[in-house]
Structure formats: structure tokens, C-alpha cells
Amino acid sequence: MLRHTPASPLLSLPGAVPAEAPDEGVAAHYGDLFREQRALADGSGFVDLSHRGVVTVTGAERLSWLHLLLTQHVSDLAPGHATEALILSAHGHIEHAVYLVDDGETTWMHTEPGGQEALIAYLESMKFFYRVEVADRTDEIAVVHLPAGSITEVPENAVVRETAHGRDLFLPRTGLESFAAAKGPAIGVLALEALRVEAHRPRLGLETDHRTIPHELGWIGTAVHLQKGCYRGQETVARVHNLGKPPRRLVFLHLDGSEVHLPPHGTPVRLASDGEEGRQLGFITTSARHHELGPIALALVKRNVPVDAPLMAGGTAAAQETVVEP
């Protein structure tokens with residue numbers, strides 16, 4: 001069972017509405033979803049991600065050791081350079097997704113809420129004689145996201161992970177309320193999720209199931225380095241990349257805006273021509289209401305679904321855009 005961190009103190013801010021799974025413990029929004037999305041898209045405000053798991057690795061051999069376990073090339077990771085990586089099963093299925101940065105002495109990473117215990121258990125099992133120490137820092141360190149373009153001054157005691165999508169700050173949890181008071185406005189996770197869907201970026205546990213391989217989600221290149229040495233699951237990655245195609249592919253959907261309810265995670269996807277009784281060809285992974293695009297979604301469908309075919313998500317009409325080529 002996943003262990004979730006205590007509820008964020010920022011849930012006491014005016015208008016805060018608690019998020020549902022998998023983001024329990026932080027705010028879904030603070031009263032105005034589209035205003036929050038527009039602010040985030042414009043580079044304003046911050047998102048409380050203090051429910052995410054935080055893990056650190058220290059020791060002189062930390063990067064060379066992690067390089068053996070992760071899908072990403074990290075043996076020469078420069079201080080302050082952000083990257084993301086996966087941990088795969090022996091069959092190449094995705095088990096963990098980590099978002100990391102090294103500060104020259106410590107490798108910092110955050111992962112899905114409650115996922116840190118399983119991640120640490122795996123890392124501990126692979127230590128052998130390497131001089132590394134793995135620690136769960138979730139109870140003392142909170143993750144806060146600043147959007148791309150933000151001019152918010154970063155506190156001196158924060159570790160910064162900067163990407164094209166914004167900056168993730170690792171902050172002392174005790175300073176979360178004072179950070180919010182000085183750097184607001186606070187923005188809920190639903191706004192960030194809508195922008196994630198718009199950007200076609202996958203998330204572990206939503207875009208993945210027990211048999212997902214990285215090629216299906218477009219994680220080759222961003223989280224998987226194809227020219228590095230051996231790691232668990234590499235055989236599957238190389239075989240599919242060199243000799244075949246993944247069985248499924250991620251698509252972006254524009255949903256019928258006349259529907260009141262968004263299709264939830266797991267909603268069957270079918271060809272529109274087959275109707276609601278047709279053969280299931282995939283499922284909705286994440287749906288969201290976007291401030292400009294309206295209702296949108298990501299879905300995982302069979303590779304041979306025609307790229308121009310109108311689809312149905314449950315009873316909702318959907319037009320697809322290609323994310324992963326068939």
C-alpha cells in the first residue's frame with residue numbers, strides 16, 4: 001500500500017479544494033480553474049506538489065551507480081542539470097519514473113505520490129558494495145513547481161531542477177507556508193495537469209499500466225538514452241527500437257465540448273464508426289479542461305488505429321492528434 005504524506009498546510013488557503021487520487025493531499029484548485037491555468041501559462045504563481053515523494057542519493061559513487069539502474073545517461077550528470085529517467089522491469093515494463101537533479105554532492109529526485117517506498121526498496125536492493133546512501137526525504141522536503149517564464153526569486157535554501165516546462169524546487173517543508181505567502185498566488189494541480197496534457201507529457205500511473213513500455217509514450221529520448229550501457233529491461237528497449245514497433249501508442253484527443261462530464265481514466269476508446277458497442281481499442285489515461293482548447297485528453301490506443309480515424313471515448317466524440325507515430 002502506498003504511503004501518502006500528510007495533507008499540505010496550503011489546503012487552508014482561501015478557496016482551496018482538495019485534489020482526488022492520485023494527488024490527494026494538495027489542492028486541485030483555489031476557486032477558479034481557468035484563471036489559474038492562464039496564470040500558469042503566463043509564468044505566474046506556483047503549484048504545491050508537496051505530496052510527491054522525495055528521495056536523495058549521496059556518496060562518491062552515486063552517479064555511476066545510478067547510471068547502472070536508470071534508463072538515462074547520468075554518470076556524467078553536471079551539477080544543476082535536470083533530467084528524467086525510468087526504472088524498468090526485466091521485461092522492459094515501466095516501474096518507476098524519477099525527475100532528478102544533482103547539486104554536486106547529492107542527487108535529488110521526486111517521484112509519484114506514495115511511490116518513494118517502493119523506489120527506495122529497489123534502490124537499497126541494488127546497493128551491493130557501492131558507496132552510496134539512499135534516503136527518504138519526503139517528510140522534510142516539499143516540491144514546489146514554478147512555471148516556465150516565472151521571475152519568482154528562488155529561496156537560497158532550495159535545490160532547483162530547471163526544465164523547459166518550468167522549475168521544480170526542493171524546499172524545506174517547514175518553509176512552505178512562508179513561501180506561499182511571499183511567492184503566490186497558489187495554483188492547483190488541475191491547472192498543471194491540463195498544461196501537461198496539452199504538452200503530451202506522460203505521467204506514471206496515468207499513462208502507464210503494468211505492461212507499458214517507454215516507446216508507447218514517447219519517453220524514448222527524454223527519459224531513455226539509447227546509447228548508454230546495460231540496465232534492467234534494456235534488451236526490450238533495444239529490440240523494439242531496432243526491430244519492431246510498440247503494440248500501443250499515445251494520442252492526444254480533442255473531446256466534444258458539449259459533454260458536461262469528462263471521461264475518467266480508464267474510459268474505453270473505440271472507433272466512432274463502430275459506436276459505443278464497438279471493439280475497445282484503448283483507454284483514456286488523463287482528461288482535462290483547458291482554458292483555450294476546451295476538453296482534452298491523452299489516450300493509449302492500439303498501434304494500428306488509423307491516425308485520422310474519429311474516435312469515441314465512452315460516449316464522447318474525440319478527434320485525435322498523433323503523439324507517437326504508429
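In this chain, numbering begins with 1 at the start of the sequence shown. These figures come from a predicted structure and were not determined experimentally.
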Salt bridge (Lys or Arg N to Asp or Glu O under 4.0 Å) between D168 and R52, worked out: CA-CA 11 Å; D168 295 336; R52 291 186 64 81; over 6 Å; no

Heavy-atom neighbours of I151 CD1 exceed 12 at 6.0 Å: no

Side chain to side chain, L119 and V98, heavy atoms closer than 4.5 Å: yes

Contact check, side chains of L10 and V26, non-hydrogen atoms, under 4.5 Å: no

Shared hydrophobic cluster for V154 and Y99 (ILVMFWY, side-chain gaps under 4.5 Å): no

Check: D136/T138 side-chain N/O donor and acceptor closer than 3.5 Å: yes

Distance-only polar pair, side chains of H29 and E36, donor-acceptor under 3.5 Å: no

Gap separating the CZ atom of R279 from the CG atom of L271, nearest 0.5 angstrom: 8.0 Å

Ion pair R232/E95, N-O distance below 4.0 Å: yes

Salt-bridge criterion met for E292 and R38 (N-O under 4.0 Å): no

Heavy-atom closest pair, residues P172 and N157: CG-ND2, 3.3 Å

Test item: F170 and V143 side chains (from C-beta on) under 4.5 Å apart, heavy atoms: yes

Closest approach of L195 to A41 (non-hydrogen atoms, all atoms of both residues): CD1-N, 4.0 Å

K183, NZ atom: more than 12 neighbouring heavy atoms under 6.0 Å: yes

Crowding at CD, E61 (>12 non-hydrogen neighbours, <6.0 Å): yes

Donor + acceptor pair across side chains of E24, H51 (<3.5 Å): no

N304 and L281, any side-chain heavy atoms less than 4.5 Å apart: no

Y122 atom OH, over 12 foreign heavy atoms within 6.0 Å: yes

Distance, nearest 0.5 Å, that separates CZ of R249 from NZ of K302: 12.5 Å

Within-4.5 Å side-chain heavy-atom neighbours: V134 and W65: yes

Gap separating the CG atom of L171 from the CD1 atom of I141, nearest 0.5 angstrom: 8.0 Å

Criterion salt bridge (Lys or Arg N to Asp or Glu O under 4.0 Å) on E216 and R303, from CA distance to verdict: CA-CA 9 Å; E216 296 177 319; R303 178 174 58 85; over 6 Å; no

Closest non-hydrogen atom pair, V323 against F252: CG2-N, 3.6 Å

Heavy-atom pair of closest approach, residues K127 and V132: CE-O, 3.3 Å

Side-chain heavy-atom pair H67, Y231 within 4.5 angstrom cut-off: no

Side-chain H-bond candidate by donor/acceptor type, R196 with T286, under 3.5 Å: yes

Contact summary for A313 and T267, nearest pair of heavy atoms: C-CG2, 3.6 Å

Enclosure of E105 CD (heavy-atom neighbours >12, cutoff 6.0 Å): no

Shortest non-hydrogen separation from L262 to P295 and the atoms involved: CD2-CB, 3.7 Å

